[in-house]
J.: 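Supplied in structure tokens, the structure appears directly below.
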Amino acid sequence: MKPILTHSSLTPIPAPWLARSSLEVAPDLVGCTLVRQFDSGLALHGLIVETEAYTPGDPACHAYRNRTARNAVMFGSAGMAYVYLIYGMYHCLNVVTDSDGVPSAVLIRALQLDTVPDWIDDRQATKPHRVAAGPGKLCRALKIDLSLTAQPFGVNEPLWLAHRSSAFQQAIDQAEIRLVQTTRIGLTQGADLPWRWYIQNNPAVSKKMIE
DNA sequence: TTATTGATCCTA
DNA sequence: AGGATCAATAAT
């Protein structure tokens, strides 16, 4: 395990905080921390550096058409994990948002990890801040798969979320850290909607981008 | 029932 | 530019 950065006290995010429009929650989750806890007692922390919002009426949302076995959790109450398999080989993690009955979620697209897990191969580990730089990569790094879908975020669960540190919030308030809002990645529908947010100049965002 | 698609990532 | 690889969804 190679340390990348340290973190101070973490305050858990309660489900009601997530029971808002995904368009509000997505930017608010940037700068928060995702914690992955294993049965072994090992815990990994990742600073959320990039998110995307998916809403009802959004053609890119998996819940756009009908309620199915896969997307059912998005119709439920906020604070649950929605995990799905993409392109047959990667998993993606979402936080379910908004009121019960309103299908919406926030996709976690990139994390800055506090440590590089042992199971990451040496080649990848040479660039520590790229290990979780993408929705598929972060699920691989944190061993997130379909077994975690429809599970609640919580301090006694495999996954939980913590609020921004006061230092991060201050940096946002003083514009030392800036959020960029732009279009989402990899979509054929709803590609023009500016519903992605990321930390400007952060080395762990999912792709190299200008401005 | 079979065919196509996809909120990705890596290699060349 | 192309391939890996498979569940959900669309088409037959």
Side-chain angles (χ1 to χ4, degrees), chain A residues 18 21-30 34 46 48-76 78 80-98 102-113 116-117 119-151 153 159 161 180-199 202-209:
Chain A
L18 299 165
S21 165
S22 58
L23 296 176
E24 293 179 43
V25 175
D28 285 356
L29 273 178
V30 176
L34 175 68
I48 298 172
V49 299
E50 183 177 352
T51 61
E52 285 178 357
Y54 291 83
T55 75
D58 168 11
C61 182
H62 286 174
Y64 179 56
R65 294 180 180 282
N66 299 309
R67 182 185 183 122
T68 66
R70 179 174 72 160
N71 66 29
V73 64
M74 273 200 283
F75 288 80
M80 308 290 280
Y82 167 50
V83 182
Y84 66 93
L85 180 66
I86 186 68
Y87 295 108
M89 61 179 59
Y90 294 100
H91 296 275
C92 291
L93 172 68
N94 294 256
V95 180
V96 174
T97 56
D98 219 312
V102 179
S104 65
V106 172
L107 172 68
I108 308 299
R109 281 197 58 87
L111 300 174
Q112 192 172 357
L113 294 181
V116 175
W119 51 86
I120 299 299
D121 63 72
D122 295 342
R123 180 109 178 273
Q124 296 264 332
T126 59
K127 294 180 178 173
H129 41 266
R130 305 303 297 165
V131 166
K137 294 173 75 178
L138 76 88
C139 284
R140 185 182 55 191
L142 297 187
K143 292 189 184 293
I144 293 166
D145 62 20
L146 293 179
S147 70
L148 297 183
T149 202
Q151 297 272 126
F153 288 88
L159 293 170
L161 293 161
V180 179
Q181 178 178 5
T182 185
T183 52
R184 297 174 293 181
I185 301 265
L187 303 180
T188 55
Q189 314 250 331
D192 52 327
L193 298 170
W195 289 353
R196 179 164 61 104
W197 291 265
Y198 63 89
I199 299 177
N202 185 284
V205 297
S206 68
K207 291 188 174 178
K208 300 294 179 187
M209 41 198 67

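These numbers come from the heavy atoms of this one structure, side chains and all, not from hydrogens, waters or symmetry mates. First the proteins, then the strands, lettered A, B, ... as listed; each starts at 1. Here the structure is a predicted model, which means the values were calculated and not measured.
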J.: Going by the side chain to side chain contact (heavy atoms under 4.5 Å, CB included) test, name the single residue among L93(A), V30(A), V49(A) that passes it with I108(A).
T.: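 Of L93(A), V30(A), V49(A), side chain to side chain contact (heavy atoms under 4.5 Å, CB included) with I108(A) is met by L93(A) alone.
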J.: With sequence neighbours left out, write down each residue that passes side chain to side chain contact (heavy atoms under 4.5 Å, CB included) with P56(A), or none if nothing qualifies.
T.: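 Residues passing side chain to side chain contact (heavy atoms under 4.5 Å, CB included) with P56(A): V102(A), P103(A), S104(A).
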J.: What does Q124(A) touch in the nucleic acid at a heavy-atom separation under 4.0 angstrom: a base, only the sugar-phosphate, or nothing?
T.: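 The answer is sugar-phosphate, as Q124(A) gets under 4.0 Å only of primed atoms, P, OP1 or OP2.
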J.: For S21(A), enumerate each residue passing the side-chain hydrogen bond (donor to acceptor under 3.5 Å, both in side chains) test, keeping only those at least two apart in sequence or located in another chain.
T.: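 Applying side-chain hydrogen bond (donor to acceptor under 3.5 Å, both in side chains) to S21(A) gives none.
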J.: Can you list every pair that meets salt bridge (charged side-chain N to carboxylate O under 4.0 Å, His left out) and has a residue in residues 57-67 of chain A, with sequence neighbours left out?
T.: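 Every pair satisfying salt bridge (charged side-chain N to carboxylate O under 4.0 Å, His left out) with a residue in residues 57-67 of chain A: D58(A)-R184(A).
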J.: For dA7(B) versus dA11(C), give the span between their P atoms, rounded off to a whole number of Å.
T.: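 That atom pair is separated by 16 Å.
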J.: Excluding sequence neighbours, so at least two apart, what forms ring-ring contact (aromatic ring centres under 6.0 Å, His included) with Y90(A)?
T.: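 Expected list: none.
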J.: For every nucleotide of nucleotides 5-12 of chain C, 5' to 3': is a protein heavy atom under 4.0 Å from its base (B), only from its sugar-phosphate (S), or from neither (-)?
T.: BBSSSS--
J.: Please enumerate all residues that pass side chain to side chain contact (heavy atoms under 4.5 Å, CB included) together with N66(A), with sequence neighbours excluded.
T.: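 Side chain to side chain contact (heavy atoms under 4.5 Å, CB included) list for N66(A), sorted by chain: empty.
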J.: Got a sec, which residues hit side-chain hydrogen bond (donor to acceptor under 3.5 Å, both in side chains) with S22(A), two or more places apart in sequence or on another chain?
T.: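 Applying side-chain hydrogen bond (donor to acceptor under 3.5 Å, both in side chains) to S22(A) gives none.
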J.: Just the endpoints, please: which first and last nucleotides of DNA chain B, 5' to 3', lie under 4.0 Å from a heavy atom of chain A?
T.: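 The footprint of chain A covers dG6(B) to dT11(B).
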J.: Name all residues meeting the side-chain hydrogen bond (donor to acceptor under 3.5 Å, both in side chains) criterion together with H91(A); count only those two or more places apart in sequence or in a different chain, and write none if there are none.
T.: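 H91(A) satisfies side-chain hydrogen bond (donor to acceptor under 3.5 Å, both in side chains) with no other residue.
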J.: Reading DNA chain C 5' to 3', how would its secondary structure be written in dot-bracket notation, given Watson-Crick and G-U pairs with both distances under 3.5 Å, brackets [ ] for crossing pairs and | for partners on other strands?
T.: ||||.||||||.
J.: Would you measure the distance from the P atom in dT5(B) across to the matching atom in dG2(C) and give it in whole Å?
T.: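 These two P atoms come out 16 Å apart once rounded.
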J.: Apply side-chain hydrogen bond (donor to acceptor under 3.5 Å, both in side chains) to T51(A) and list each qualifying residue two or more places apart in sequence or on a separate chain.
T.: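 side-chain hydrogen bond (donor to acceptor under 3.5 Å, both in side chains) list for T51(A), sorted by chain: empty.
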J.: More 5' along DNA chain B: T188(A) or A133(A), using each one's nearest nucleotide?
T.: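 Between the two, 5'-proximity favours T188(A).
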J.: Donor-acceptor pairs under 3.5 angstrom involving side-chain atoms of residues 142-151 of chain A: please list them, not counting sequence neighbours.
T.:
{"from": "D145(A)", "atom 1": "OD1", "to": "S147(A)", "atom 2": "N", "distance (Å)": "2.9"}
{"from": "D145(A)", "atom 1": "OD1", "to": "S147(A)", "atom 2": "OG", "distance (Å)": "2.5"}
{"from": "T149(A)", "atom 1": "OG1", "to": "V83(A)", "atom 2": "N", "distance (Å)": "2.8"}
{"from": "T149(A)", "atom 1": "OG1", "to": "V83(A)", "atom 2": "O", "distance (Å)": "3.3"}

